[in-house]
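Report on the following structure.
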Amino acid sequence: MTPLLHAEDLALAGRLHPTRLHMGAAELVCLVGPNGGGKTSLLHGLARIGSPAGKVRIAGEDPETLGPDARKRLLAYLPASRDIAWPLGARDVIALGLPTGTVPDAAVAALEVEGFAERRVDRLSTGERSRVLLARALAPAPTLLLLDEPAANLDPAWQLRLMALLRHLVHERGIGVVAALHDLDLAARFADRLVLMEGGRIAADGTAAALLDGPHLREAFGIRRGAAGWELA
Amino acid sequence: MSVRLWLLLAAASALLFALSILTPWRQLAALWAADRGLAQAVLVELRLPRALLALCYGGALGASGAAIQALFANPLASPDLTGTTSGAALGAVLAAYLLGFDGSVGLAVGAVAGAFGALVLLLALAGRRAEVATLLLAGLAIAALAGALTTVALALAPSPFAFYDAYEWLMGSLVDRSLAQAAFAGVPALASILLLPRFAPALDSLALGEEAAESLGHRLGRLRIRVVCLSALGVGACVAMCGAIGFIGLVAPIFARRLTRGHPGRAILPAALIGGALLIAADLVTRAAPIGRSLPIGVVTALLGAPFFLSLVARMRWSLAR
C-alpha cells in the first residue's frame with residue numbers, strides 16, 4: 001500500500017539536517033521540542049517551502065511536480081503567523097484555498113466560524129483569526145495537514161475541540177496530520193505519535209508514553225514529569 | 001466582482017473616452033459644418049491619440065499599481081511612490097539626451113529599463129515584504145536619486161534646449177502626441193494590463209503570507225520577476241511617451257479593492273479600468289481649467305491625488321508610528 005507520507009533526506013540549509021519521516025496510514029503526529037529545535041523547519045521541508053533538499057511523497061505523489069490546484073488537495077500548511085496582509089472577509093480567506101466560486105461551508109462549520117464569517121479579519125481577535133486560518137487549511141480536504149502551532153492563541157475549550165477535530169479527521173476521514181505543538185499534555189493526550197525535534201534533527205520518535213517518560217525530554221528541554229506536572233530538571 | 005459592476009465600470013470608461021474625444025464639442029461641431037475633412041483630421045490625429053493615451057496610461061498605472069501593492073502586501077506601493085515612474089523618466093532622458101537615441105523606440109526602451117531598474121532596486125533596498133515606512137522611505141530615496149540624476153543628465157546634455165524641451169514632458173502631458181506614439185505606449189500598456197491578471201490567484205494567496213503561498217505551489221521568485229517586468233513594461237512605455245504622471249497608480253487600486261472585497265490580485269483588471277477612467281477625467285479637467293492655457297496633466301493628478309494620499313496617511317498614522 002502507498003504510504004500516506006514518506007520523506008527522505010529532507011534538509012534545509014542551516015536549519016534542518018537530513019531527516020526521514022514516514023507515515024504509513026493516517027496518523028496525528030505531533031512535533032515537540034525546544035524553541036529553535038527544527039519543528040517549523042521540518043514542516044517547511046514537508047510543505048516544500050524555501051527550496052528544501054530531499055524528496056517528499058504524499059500518497060505517492062511528489063507535491064513539487066503539481067500546480068497550485070492539484071497541490072491544494074494534497075497538502076495544506078498553516079504558518080505560525082496569524083497575520084493576514086489585507087482586510088479580507090473571514091469567509092473569503094477560507095475560500096482562498098478553494099477553486100473560485102466554491103463555498104467553504106464544511107470548513108466554516110467545523111471551526112464554528114459562522115458567527116464571524118462575514119466580518120473583516122483585521123477586526124477579529126487573534127484566536128478567531130486562528131480558527132479562520134485553520135478552516136482555510138481544512139477547506140480543500142487535503143491528504144496531509146501541516147500545522148504550525150495550531151492551538152496557539154486558542155482558549156482552553158477550543159484547544160480541546162481542535163485536537164478532537166484533528167483526531168476525527170485522522171481516524172474518520174483518513175487525513176494525515178503533522179502538527180508542531182508546545183503543550184506537551186495536549187500532545188500526549190491526542191497524538192498517535194510524538195516526534196521530538198532538537199538541533200534541527202529528529203531526536204526521538206515514538207508513542208507519547210515512551211517519549212514523555214523516557215530520558216529524551218530531560219536531554220532536549222531540561223524538564224521532567226514531577227508530582228505536580230512538568231518541572232525543571 | 002459581479003457582471004453588473006464590470007458593465008458599469010466599462011460603461012463609465014467608454015463614456016469618459018467618448019467625452020474626451022468630443023470635448024469641446026461646440027468647436028468640433030462648427031468645424032464639422034465648415035470643413036468635414038479637417039474635423040476628421042482633428043478627431044483622428046489630435047483627439048483620438050490623446051484619449052487613447054489617457055486610457056492606456058491610466059490603465060497601466062492602475063494595473064501595475066494593484067499588482068505591485070499585492071506583491072509587496074502594501075497598499076501604498078504605487079508606481080510613483082516606489083520611484084518606478086521617476087526611474088522610467090531617468091531612463092528615457094538618458095536614452096534621448098545622453099545616448100542620443102532618437103524617436104519613440106529608444107525612449108521607450110530607455111524608460112522600460114529605468115522602471116525595471118527602479119523596481120529591482122526597491123526589492124533589494126526594502127525587502128520583499130517591507131513595512132510601510134521602509135517601503136516609502138526606499139521609494140522616496142529612489143525617486144529623489146532618479147530625479148537628481150535626471151537633472152544632471154539634462155544639464156550635461158549636448159542640446160542647450162534640453163531643459164526647456166523636457167520640462168513639459170517631465171510634468172506629464174498627453175497633448176500633441178501622434179497615433180504612432182499612442183501605439184508605442186498603448187501596446188506595451190495593453191500587454192501589461194492583460195497579462196498581469198494571470199497572477200491574480202498567486203497574488204491573492206500572498207495575503208496569507210509568503211510561506212502559505214509557497215506551500216500552495218506558487219513560485220514566488222518567478223512571480224516577483226514577472227510582475228516587476230510587466231509593470232515596468234507598461235509604466236515605462238507610457239512614461240516614455242507622456243512623462244511621469246503620479247497618484248493614479250496609488251488611488252485606482254484602492255478603489256478597485258473595494259469592488260473585489262479586498263482581494264488584491266483580483267483588483268488588477270478593475271484597477272486598470274478605474275485608472276483609465278480617472279486619467280481621462282483628469283485630462284478633461286486640464287482642458288476645463290479657466291487659466292487660458294491647459295494645465296500639465298501631472299499637475300492635475302497631483303492636485304487631486306495628494307489630498308487623497310494625505311488622508312490615507314492620516315488614517316494609517318498609528319501603524320506608521322509603530
Side-chain angles (χ1 to χ4, degrees), chain A residues 40-41 43-52 56 58 62-100 118 120-122 129 132-133 136-137 139-140 142 144-148, chain B residues 1-3 66-77 128-132 135 197-223 253-254 256-268 271 312 315-316 318-319 322:
Chain A
T40 298
S41 302
L43 290 174
H44 279 189
L46 294 171
R48 310 312 287 169
I49 298 167
S51 314
V56 171
I58 300 168
D62 179 0
E64 206 105 46
T65 61
L66 300 177
D69 284 332
R71 207 192 281 209
K72 274 174 197 163
R73 283 188 281 278
L74 206 60
L75 73 92
Y77 169 73
L78 172 80
S81 161
R82 302 296 189 255
D83 290 338
I84 298 166
W86 299 94
L88 297 165
R91 192 185 293 275
D92 286 329
V93 167
I94 297 169
L96 276 181
L98 293 171
T100 334
E118 310 311 325
R120 275 169 46 177
V121 285
D122 56 325
R129 212 154 50 228
V132 169
L133 289 171
R136 197 284 300 174
L144 180 68
L145 273 172
L146 302 164
L147 309 174
D148 203 347
Chain B
M1 219 170 98
S2 69
V3 178
I68 293 172
Q69 289 177 9
L71 189 67
F72 283 95
N74 193 321
L76 294 184
R128 303 186 307 220
R129 271 180 105 72
E131 293 278 311
V132 173
L135 189 93
R198 287 183 48 195
F199 307 115
L203 290 169
D204 279 344
S205 75
L206 266 179
L208 299 169
E210 292 197 356
E211 294 171 2
E214 213 175 324
S215 75
L216 285 168
H218 299 298
R219 292 170 202 278
L220 299 188
R222 222 160 60 178
L223 177 72
I254 292 175
R257 278 196 299 273
R258 301 211 164 164
L259 304 179
T260 60
R261 293 201 312 278
H263 289 84
R266 269 170 240 180
I268 291 174
L312 204 67
R315 259 187 285 158
M316 293 181 74
W318 293 115
S319 59
R322 245 191 302 145

In terms of heavy-atom pairs under 4.5 Å with chain A, which of B:Gly217, B:Ala212, B:Ala213 leads? B:Gly217
Pick from A:Gly67, A:Pro68, A:Ala47: which one has the most heavy-atom pairs with chain B under 4.5 Å?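 With the most close heavy-atom pairs to chain B, the winner is A:Pro68.
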Using a cut-off of under 4.5 Å for heavy-atom pairs, which of A:Glu64, A:Arg82, A:Arg48, A:His44 has the most such pairs with chain B?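 The option with the most such pairs is A:His44.
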Partners passing salt bridge (Lys or Arg N to Asp or Glu O under 4.0 Å) against B:Arg266 (at least two apart in sequence or in another chain): B:Asp204
Would you call B:His263 and A:Leu88 a side-chain contact if the rule is heavy atoms closer than 4.5 Å?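 Heavy-atom side-chain distance check passes, below 4.5 Å.
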Does any non-hydrogen side-chain atom of B:Ser205 lie less than 4.5 Å from one of A:Leu96?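 Heavy-atom side-chain distance check fails, nothing below 4.5 Å.
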List the residues meeting side-chain hydrogen bond (donor to acceptor under 3.5 Å, both in side chains) with A:Arg129, not counting sequence neighbours, and say none if there are none.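 In terms of side-chain hydrogen bond (donor to acceptor under 3.5 Å, both in side chains), with neighbours along the sequence ignored, A:Arg129 is linked to no residue.
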I need the [X] [atom1] to [Y] [atom2] distance, nearest 0.5 Å.
X        : Y        : atom1 : atom2 : answer
A:Trp86  : B:Leu203 : CH2   : CG    : 10.0 Å
B:Leu216 : A:Leu74  : CG    : CG    : 12.0 Å
A:Ser51  : B:Glu214 : OG    : CD    : 6.0 Å

Looking only at non-hydrogen atoms, find the nearest pair between B:Ser215 and A:Leu75 and report the distance. O-CD1, 3.8 Å
Between A:Leu78 and chain B, which part of the residue has a heavy atom less than 4.5 Å away: side chain, backbone, both or neither? neither
